[in-house]
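Whatever order the structure lists ligands and atoms in, that order sets their numbers, starting from 1. Keep in mind that what you see is a predicted model, and the values were worked out from it rather than measured.
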Amino acid sequence: MKRLTNKTAIVTGAAGGIGAATAKLFVEEGANVLATDRHISILEDWVNPLKKTGAAIEALEHDVADVSQWEKVINTALKKFNHINILVNNAGIFPGFVNCEETSLGVWNNVIATNLTGPFLGCQACIPHMRINGGGAIINIASIAGLVGGNGVAYSASKGGLRLLSKDLAVTLAKDKIRVNTICPGAVLTPMTAELVSKTITEDIIKNGSPQGRMASAQEIAWGVLYLASDESSFVTGTDLVIDGGAVAR
Ligand SMILES: NC(=O)c1ccc[n+]([C@@H]2O[C@H](COP(=O)([O-])OP(=O)(O)OC[C@H]3O[C@@H](n4cnc5c(N)ncnc54)[C@H](O)[C@@H]3O)[C@@H](O)[C@H]2O)c1
């Protein structure tokens, strides 16, 4: 038996990187997947060929920070797959290692809207449908930047806020059998970081930040998301799964 058989998952920010790796792994493990992203053509580039093989996956254009668009996401998931069991709030932006004085209000608002308000809206939209099903699993993709400082003020604040949003939901939704956890990745090689690592100074910061001396692959993060989405983690809620090659152990 596959690990997500009969489960329907919504994965945001799935055009590439961690979201795409997670959505593909979920399909392999038997889930129905609604993959969303604001960049629909990049998303469809990999979803449509997979769908043609018979996989239970749909691509949908979606801005996580726009409250009105979540209704479309829920309606599509219910129409295609009948129920919603898993939400992976993965979409996020990283504006760079910018400190407080260098951060404009516009950048701050955009980072908070995408990285914190987006997951909040996703939880609000999905919780009633998970409750109807008798439970569910929400996995919020935070960051070690939400555990320790020095990674940019807006980004750290958004990811730290996401960790506590998750813990609050874990406590208040336990009675509904809805589990809520975060993944806190260290540096992962994805489209988000590809441009940064081409700059030598950033490459040094990233590689020297981990005792393993390397970045993670998106797949290494997706394995953790799968664990938190599956029934194997049935007693795990309100926790942060740190996947960082030992970076915050220093
Ligand atoms: N790459 C890393 O080193 C790293 C480390 C820690 C945490 N994270 C987090 O992991 C998550 C995935 O990042 P990634 O590295 O795969 O980056 P990525 O840039 O490859 O993927 C992020 C995706 O989110 C989408 N997106 C951005 N804003 C959106 C919006 N408003 N609505 C819908 N989609 C939107 C982008 O189009 C993109 O496809 C993010 O939340 C990121 O903060 C990444």
Side-chain angles (χ1 to χ4, degrees), residues 10-25 34-47 59-70 72-73 87-97 107 109-122 125 138-148 150-152 154-163 165-166 182-197 202-203 205-207 209-210 212 214-222 224-225 240-245 247-248:
I10 296 169
V11 182
T12 70
I18 295 167
T22 298
K24 287 173 194 171
L25 184 59
L34 177 59
T36 81
D37 203 287
R38 62 180 173 175
H39 292 132
I40 185 67
S41 63
I42 307 173
L43 178 64
E44 285 179 338
D45 277 350
W46 73 262
V47 169
L60 186 70
E61 186 171 15
H62 171 216
D63 179 347
V64 295
D66 182 346
V67 62
S68 67
Q69 294 192 24
W70 276 100
K72 174 181 73 175
V73 174
L87 169 65
V88 183
N89 280 310
N90 167 75
I93 52 173
F94 175 64
F97 297 98
V107 167
N109 284 340
N110 195 23
V111 171
I112 297 297
T114 308
N115 295 2
L116 186 54
T117 307
F120 163 72
L121 295 174
I138 298 172
I139 301 96
N140 292 321
I141 309 301
S143 168
I144 59 169
L147 290 163
V148 294
N151 295 292
Y155 190 72
S156 283
S158 71
K159 296 301 190 180
L162 187 55
R163 289 182 52 237
L165 178 149
S166 307
T182 74
I183 301 268
C184 292
V188 189
L189 191 52
T190 67
M192 178 180 278
T193 50
E195 195 186 333
L196 291 171
V197 294
T202 310
E203 187 175 24
I205 290 169
I206 289 169
K207 290 197 173 161
S210 159
Q212 289 196 355
R214 67 175 180 91
M215 298 172 78
S217 68
Q219 187 69 32
E220 288 176 297
I221 309 304
V225 186
D240 302 301
L241 177 53
V242 179
I243 307 178
D244 70 344
V248 296

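- For ligand 1, the protein residues placed under 4.0 Å by at least one non-hydrogen atom are G13, A15, G17, I18, D37, R38, H39, H62, D63, V64, N90, A91, G92, I93, T114, I141, A142, S143, Y155, K159, P185, G186, A187, V188, T190, P191, M192, T193.
- Using a 4.5 Å heavy-atom cutoff, the side chains of T36 and W70 are not in contact.
- When only modelled atom types and interatomic distance are considered, D240 and T182 share a side-chain donor-acceptor pair under 3.5 Å.
- Using a 4.5 Å heavy-atom cutoff, the side chains of I183 and I243 are in contact.
- In this structure, the side chains of L147 and R163 come closer than 4.5 Å at one or more pairs of heavy atoms.
- With sequence neighbours excluded, no residue forms a salt bridge (charged side-chain N to carboxylate O under 4.0 Å, His left out) with E61.
- Between N89 and V64, every side-chain heavy-atom pair lies at or beyond the 4.5 Å cut-off.
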